[in-house]
Undergrad: 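Please find one structure pasted underneath; my questions will follow.
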2 protein chains.
Amino acid sequence: MSKIAAAPTLEDVAKKAGVSTATVSRCLNAPDRVVAETRTKVMAAVTALGYTPNFAARVMAAKRTFTVGAIIPTMENAIFARGLQAFQEELHARGYTLLVASSAYKPEVEEEQIRALVARGADGLLLIGHDRAESVYDYLERQSVPTLVAWSYQAKARVPSIGFDNRAAMRGLTEAVIQRGHTCIAMVSGVCAGNDRAALRVAGWKDALLENGLADSATRIVETPYGIEAGAAAFANLMAGPIKPTAIMCGNDVLAVGALQKAHEMGMAVPKDVAITGFDDVELARIVTPSLTTVQVPHRDMGIQAARALVDMVENKRAGTSVQLETSIRFRASLARNTQ
Amino acid sequence: MSKIAAAPTLEDVAKKAGVSTATVSRCLNAPDRVVAETRTKVMAAVTALGYTPNFAARVMAAKRTFTVGAIIPTMENAIFARGLQAFQEELHARGYTLLVASSAYKPEVEEEQIRALVARGADGLLLIGHDRAESVYDYLERQSVPTLVAWSYQAKARVPSIGFDNRAAMRGLTEAVIQRGHTCIAMVSGVCAGNDRAALRVAGWKDALLENGLADSATRIVETPYGIEAGAAAFANLMAGPIKPTAIMCGNDVLAVGALQKAHEMGMAVPKDVAITGFDDVELARIVTPSLTTVQVPHRDMGIQAARALVDMVENKRAGTSVQLETSIRFRASLARNTQ
DNA sequence: TGTTAAAATGTAAGCGCTTGCATTGCGCGT
DNA sequence: ACGCGCAATGCAAGCGCTTACATTTTAACA
């Protein structure tokens with residue numbers, strides 16, 4: 001008659017190995033503080049019982065989880081995947097586990113996720129972008145959870161960040177478009193509220209337009225939620241007016257792909273009839289036809305540096321310093337070499 | 001002089017509200033067991049202190065986490081994203097949190113992740129596909145963690161599954177290709193070891209070939225890791241021989257997109273020179289040019305049903321029953337309507 | 001061989017919460 | 001006005017682990 005087999009505990013292992021629970025614990029966490037012979041006995045008991053330490057108990061006792069949390073706006077598309085992958089690999093190499101949650105671009109969901117991750121004892125947190133309620137930062141401070149921002153660099157922000165200058169990057173790309181002879185340059189932006197990346201990209205686009213005397217272009221902007229369909233709709237919207245832009249710059253690659261699709265559907269040739277650009281350089285940008293001119297972001301490098309910085313903040317209780325990374329433009333088929 | 005503000009605990013709240021910790025706990029977990037006046041006091045204290053319950057402590061005491069874990073082979077591409085999204089939405093609606101980990105298609109990583117999730121107290125687990133070491137199932141049984149498999153349906157398997165018949169689906173698609181007049185039909189498969197979906201898709205492809213007297217085609221198969229590049233290389237590989245297949249069927253859409261790219265690069269027209277098919281019907285399949293003929297999988301439905309089934313298993317300690325879902329073929333441009 | 005310090009191990013006090021059970025307080029019937 | 005039953009609250013025992021401190025063992029030295 002087998003009794004209900006509750007998962008074995010440290011104590012079970014200790015009993016089986018004929019030692020104290022403290023010794024078993026040390027065996028697992030600091031093997032060199034235990035003599036080889038004992039260690040062997042204990043390990044045998046662990047294996048025999050199929051013991052797995054209870055994480056919650058360990059956390060409670062040790063007040064460390066070796067877990068860091070990341071909250072990203074979306075998992076549906078690959079924008080954050082590559083960087084996050086690198087982040088998690090680097091974390092893993094340093095003995096940390098990554099927990100990921102997604103906020104669906106909703107501030108209130110993000111806040112909920114932050115609390116969930118903190119409650120779960122995350123030793124540190126990675127957030128995307130700076131733009132969120134001050135109260136969130138207050139909370140994080142009170143809970144003293146080291147926090148780092150990625151995908152956006154802002155020197156004077158409340159928490160350190162590892163990222164790039166979204167504004168300058170977008171300005172650079174816009175200048176390139178202008179150089180190609182375009183004068184009517186519209187923009188499809190993601191939702192800017194609560195999203196500094198989106199807002200800064202719009203700002204960069206405007207910067208370039210104004211500097212080049214294209215102020216009238218600067219009103220031709222549509223803001224739309226994230227998604228291919230949304231990008232398509234926005235494109236149609238911009239093309240509906242009497243004056244059709246000759247270039248459509250999108251706040252991210254996903255929107256740009258939508259625009260590309262819609263252009264195709266509407267029988268407009270890209271880049272002949274209209275040039276289209278994206279931002280992020282996700283894998284998709286190379287795959288679509290025509291391939292997409294976009295801003296290349298150092299995803300992996302960002303992920304790795306973020307991991308290092310965050311672990312440093314966690315382990316040495318240091319404040320953490322911001323790092324600005326460089327972006328570059330990837331010229332591809334969706335923007336003509338020369339319009340004129 | 002402010003002392004180091006440790007995060008507030010239940011006791012702090014209790015003290016501030018002038019009640020016992022038990023009352024505060026009940027306020028949070030069973031508000032109706034506490035009289036309104038007290039509840040107000042307690043809630044005020046909670047807010048004032050910015051209290052967040054310590055999850056680990058709660059888990060230890062209650063032995064329930066209201067968390068379920070899912071381990072998917074990859075996050076890099078969208079194959080599992082849609083289904084997982086639905087899974088998590090349904091879970092959320094039922095008061096559960098989803099923790100996701102990815103195994104990079106490596107069995108040993110998967111096992112590690114399973115242990116990590118179990119140690120973290122996951123009340124239930126969602127795994128992709130049935131094919132893994134028996135010892136893993138032994139472990140799960142001993143820890144008595146309800147487990148469900150998705151993306152593959154196998155009635156006689158050790159744990160219940162919500163999925164579809166990969167073999168029959170692939171056979172159906174292959175038959176459609178044969179009907180189009182193709183006789184030299186090669187396959188690019190994902191790695192089959194430890195991946196029943198991949199293996200079953202290959203089996204389905206072979207079934208159709210053999211039934212239609214195309215046995216010689218059945219040797220024209222390349223197995224390759226997951227990824228667009230890998231798909232491209234596999235395509236080139238298959239086209240390198242003296243006899244060029246007129247149709248290339250891929251084990252998933254990502255490989256198919258790679259094949260598509262390579263065909264383009266090699267100057268082969270799709271579907272005129274070579275037809276290409278995928279499997280999964282991810283968003284990408286509609287976006288590439290030409291769009292991809294593929295097997296549509298009921299991602300969202302699968303996710304929702306999986307969530308319901310798993311929660312049922314967790315809450316009612318029921319064994320859980322398997323459900324088979326239907327797939328259908330999405331005919332698109334990459335497979336000619338009629339070759340002859 | 002006796003001392004003593006260092007190494008190995010054991011003891012037991014929590015970590016912050018939930019919950020069974022004991023206690024208190026209240027409204028009601030008589 | 002009294003006792004009853006039930007609702008509201010408090011008390012305190014863990015949950016499984018880590019770790020400071022106490023104790024025992026070992027080994028090294030005179």
Side-chain angles (χ1 to χ4, degrees), chain A residues 4-43 45-46 49-67 115-116 118-121 123 143-144, chain B residues 4-43 45-46 49-67 115-116 118-121 123 143-144:
Chain A
I4 309 234
T9 71
L10 236 214
E11 201 180 334
D12 298 332
V13 176
K15 209 166 294 169
K16 176 139 197 159
V19 299
S20 74
T21 60
T23 300
V24 178
S25 174
R26 279 189 283 257
C27 247
L28 267 25
N29 302 309
D32 38 302
R33 300 198 14 65
V34 152
V35 86
E37 191 196 357
T38 314
R39 208 184 316 149
T40 314
K41 268 191 316 191
V42 171
M43 286 325 205
V46 165
L49 262 31
Y51 169 77
T52 314
N54 178 314
F55 185 74
R58 186 205 294 266
V59 168
M60 266 202 75
K63 315 270 227 136
R64 277 298 304 283
T65 62
F66 286 95
T67 293
R115 286 184 170 265
V118 169
R120 280 186 159 66
D123 290 336
Q143 300 275 339
S144 44
Chain B
I4 308 235
T9 71
L10 238 213
E11 201 179 337
D12 296 332
V13 175
K15 208 166 292 168
K16 177 138 193 160
V19 298
S20 74
T21 60
T23 300
V24 178
S25 174
R26 280 190 279 258
C27 246
L28 266 25
N29 301 310
D32 38 302
R33 301 196 14 65
V34 151
V35 87
E37 192 196 357
T38 315
R39 206 184 317 151
T40 314
K41 267 192 316 194
V42 171
M43 286 326 205
V46 165
L49 261 32
Y51 168 77
T52 314
N54 177 315
F55 186 73
R58 186 205 292 265
V59 169
M60 267 202 74
K63 316 269 228 133
R64 278 298 302 283
T65 60
F66 286 96
T67 294
R115 286 183 171 268
V118 169
R120 282 186 158 69
D123 290 336
Q143 300 274 339
S144 45

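Heavy-atom basis, side chains included; hydrogens, waters and symmetry copies ignored.
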Undergrad: Nearest 0.5 Å, what's the OG1-CD distance between B:T52 and A:Q143?
TA: 4.5 Å

Undergrad: Starting from P on D:dT18, measure out to CG on A:L28 and report it in whole angstrom.
TA: 7 Å

Undergrad: Map B:M60 and A:S25 onto DNA chain D by nearest heavy atom, then report which one ends up closer to the 5' terminus.
TA: B:M60

Undergrad: Compare every heavy atom of B:R39 with every heavy atom of B:P31, then report the nearest pair and how far apart it is.
TA: O-NE, 3.3 Å

Undergrad: Tell me, yes or no, whether the heavy-atom count around A:R64 atom CZ, taken from other residues, nucleotides or ligands under 6.0 Å, exceeds 12.
TA: yes

Undergrad: Roughly, in whole Å, what's the span from CD in B:E11 to P in D:dA12?
TA: 13 Å

Undergrad: Could you write nucleotides 5-10 of chain D as a row of B, S and -, 5' to 3', where a protein heavy atom under 4.0 Å of any base atom gives B, of only sugar-phosphate atoms gives S, and otherwise -?
TA: ---SBB

Undergrad: What's the spacing between A:K15 NZ and A:L49 CG if we round to 0.5 Å?
TA: 10.5 Å

Undergrad: In whole angstroms, how far is the C1' atom of C:dT9 from the NZ atom of A:K15?
TA: 18 Å

Undergrad: What contact category does A:F55 fall into here, base, sugar-phosphate, or nothing, at under 4.0 angstrom with non-hydrogen atoms?
TA: nothing

Undergrad: Taking atom CZ of A:R58 and atom OG of A:S25, what is their separation to the nearest 0.5 Å?
TA: 7.5 Å

Undergrad: Atom CG in A:N54, atom NZ in B:K63: separation rounded to 0.5 Å?
TA: 8.0 Å

Undergrad: Please state how far atom CG in B:N54 lies from atom C1' in C:dG16, giving the value in whole angstrom units.
TA: 6 Å

Undergrad: In whole angstrom, what separates A:N29's CG from D:dT19's P?
TA: 7 Å

Undergrad: Quick one: A:R58 CZ to D:dT19 P, roughly how many Å, whole number?
TA: 9 Å

Undergrad: Please report the distance, rounded to the nearest Å, between NZ in B:K63 and P in C:dT19.
TA: 12 Å

Undergrad: Rounded to whole angstrom units, what separation is found between the CZ atom of B:F66 and the C1' atom of C:dC17?
TA: 15 Å

